[in-house]
Amino acid sequence: MTPSTARAVRFDRFGGREELYIADIEMPLPGPDEVVVEVRAAGINPGEAAIRLGLLQQVFPTTFPSGEGSDLAGVVTSVGPDVAQFSVGDEVLGFSLRRSSHATHTAVPVGNLIRKPPELSWEVAGSLYVVGATAYAAVRAVAPQPGETVAVSAAAGGVGSIVVQLLTRHGARVLGIAGPGNADWLRAHGVTPVVYGDGLADRLREAAPNGIDAFIDLFGPDYVQLAVDLGVAPERIDTIIAMEKAAEVGAKTEGSAEASTPEVLAELADLVASGAIDFDIAATYPLDRVADAYAELEQRHTHGKIVLLPQK
């Protein structure tokens with residue numbers, strides 16, 4: 001018997017993670033071209049914390065009470081009358097653009113979903129979209145060519161770990177800017193580690209005496225300026241976070257919005273399912289501990305994804 005209510009993360013005003021709570025809501029109903037998904041896993045992302053803090057109000061307007069969450073994977077429990085792609089019981093992964101995946105159930109347009117490869121765990125499938133689409137778009141934006149040198153800031157983070165692997169698949173030489181604790185992981189994935197901090201520009205010049213061809217920034221405006229100072233052409237610089245600085249210097253700002261298609265998601269899912277790209281899970285939390293999950297995320301030193309498991 002289908003339950004009549006679902007549970008979902010909510011917040012009623014901008015603020016810290018203490019504003020998050022779990023609400024009982026009416027069970028979602030699918031629209032004509034939607035399915036309802038029983039969410040088995042849903043990744044959490046820094047952008048969701050920024051929205052909750054009110055830092056992205058001009059870009060992503062918020063009304064209250066607000067839900068949250070984009071990444072999801074789960075099982076279809078009901079389908080809309082116009083849906084032919086999926087049936088009840090199908091395992092799917094994808095994304096919600098309604099801030100609704102941090103819940104036990106959510107309605108999702110079928111164009112935002114693909115079938116989950118059986119080789120993918122729920123945790124991986126449910127946290128692939130944001131970091132995967134963002135990484136895919138950023139790499140595509142700088143158009144790496146075989147033999148070129150590309151530098152990446154925050155290279156061992158959720159997005160960065162996929163960016164560097166996509167770049168090496170393009171045949172690029174990758175300089176991964178990260179903390180010393182991530183050096184072994186980077187080397188194991190064909191990346192030259194470069195420690196961040198004072199003297200970074202000199203270390204990058206030493207690592208790339210013939211120059212750096214492209215730069216992907218996943219951390220902040222100082223890295224965009226650094227790329228310019230190192231002589232990287234603005235059209236070969238992409239940042240997913242420093243929008244104002246990018247506008248100032250003429251860099252690109254391509255991220256998940258430019259790669260939010262089922263085709264891209266299917267390509268990424270196949271790469272991870274086949275083992276061509278490693279995708280690490282750092283921690284999992286039940287829905288009731290969503291605030292704790294964000295506490296770990298906000299340390300900004302986690303390697304791999306943090307995932308909510310709403311059915312636990």
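Just so we're clear, the structure is a prediction, and the values are computed from it rather than from any experiment. Residue numbers count from 1 along this sequence.
For the pair E298 and R17, the salt-bridge criterion is met [side-chain N within less than 4.0 Å of a carboxylate O]. Salt bridge annotation for K245-D217: absent, with no cationic side-chain nitrogen under 4.0 angstrom from a carboxylate oxygen. Remark: R13 engages E19 in a salt bridge, criterion side-chain N to carboxylate O under 4.0 Å. A salt bridge does not link E123 to K116: none of the charged nitrogens lies less than 4.0 Å from a carboxylate oxygen. A salt bridge does not link D213 with R236: every distance from a Lys NZ or Arg NE/NH1/NH2 to an Asp or Glu carboxylate oxygen is 4.0 Å or more.
Cluster membership for V159 and L72, using ILVMFWY side-chain heavy atoms within less than 4.5 angstrom, is not shared. Cluster annotation: F11 is connected to I44 through the hydrophobic network of ILVMFWY side chains, with a link wherever side-chain heavy atoms come within less than 4.5 Å. If you chain together hydrophobic residues whose side chains sit under 4.5 Å apart, L20 and L297 fall into the same group.
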For this session: Assess whether salt bridge (Lys or Arg N to Asp or Glu O under 4.0 Å) is satisfied between R7 and D288, documenting all intermediate values.
Result: CA-CA 10 Å; R7 303 175 73 231; D288 291 342; 2.7 Å; yes

Exercise. Passes side-chain contact (heavy atoms from CB on, under 4.5 Å), V76 versus V92? Steps please.
Worked result: CA-CA 7 Å; V76 174; V92 296; 3.9 Å; yes

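Note that OG1 of T168 is 11.0 Å distant from CG of L186, once rounded to the nearest 0.5 Å.
In this structure, I241 and F219 have side chains that are not in contact, with every pair of non-hydrogen atoms separated by 4.5 Å or more. Under the 4.5 Å side-chain criterion, counting only non-hydrogen atoms from C-beta, E254 is not in contact with Y136. Looking at H102 and E48, their side chains come closer than 4.5 Å, going by heavy atoms from C-beta outward. A 4.5 Å side-chain heavy-atom check between F215 and V150 finds every atom pair outside the cut-off. By the 4.5 Å heavy-atom criterion applied to side chains, L226 and S153 are not counted as neighbours. Counting only heavy atoms from C-beta outward, the side chains of V37 and T77 never approach each other to under 4.5 Å. Inter-residue side-chain proximity for V194 and E206 is flagged as unmet; no heavy-atom pair is nearer than 4.5 Å. By the 4.5 Å heavy-atom criterion applied to side chains, T104 and V39 are not counted as neighbours.
If you look at F64 and F14, their ring centroids are closer than 6.0 Å.
Annotation: cation-pi pair R289/Y294 absent, no NZ/CZ under 6.0 Å from the ring centroid and within 45° of its normal.
Between the side chain of K305 and the main chain of L128, no donor-acceptor pair closer than 3.5 Å is present. Looking only at distances, a side-chain donor or acceptor of R203 sits under 3.5 Å from a matching main-chain atom of V195. Side chain of E148 to main chain of Q145: a donor-acceptor pair is present (N/O by atom type, distance under 3.5 Å, no hydrogens or angles). Counting only distance, with no hydrogens or angles, the side chain of D71 and the backbone of A42 share no donor-acceptor pair below 3.5 Å. With hydrogens and angles ignored, the 3.5 Å screen pairs no side-chain donor or acceptor of E248 with any backbone N or O of E244. Although no hydrogens or angles enter the test, the distance criterion places a donor-acceptor pair under 3.5 Å between the side chain of D90 and the main chain of S87. Between the side chain of E267 and the backbone N or O of V264, no donor-acceptor pair lies under 3.5 Å. Checking side-chain atoms of E296 against main-chain N and O of A293 turns up no donor-acceptor pair under 3.5 Å.
Residue Y129 forms a side chain to side chain donor-acceptor pair (under 3.5 Å) with just one option from S96, S101, S260, S70, and that option is S260.
Residues A137 and A259 come closest through the heavy atom pair CB-CB, 3.9 Å. When all heavy atoms are compared, the tightest approach of V191 to L175 is CG1-C, 4.3 Å. The two residues G43 and S127 come nearest to each other via the heavy atoms CA-CB, 3.8 Å. Across I237 and V228, no two heavy atoms sit closer than the pair CD1-CG2, 3.9 Å. Of all heavy-atom pairs between L93 and P117, the closest is CD2-CD, 3.9 Å.
Around the CG atom of D229, the shell of radius 6.0 Å holds more than 12 heavy atoms that belong to other residues, nucleotides or ligands. Annotation: Y21, atom OH; neighbour count of heavy atoms from other residues, nucleotides and ligands within 6.0 Å is above 12.
If you check the side chains of R99 and T62, you find a donor sitting under 3.5 Å from an acceptor.
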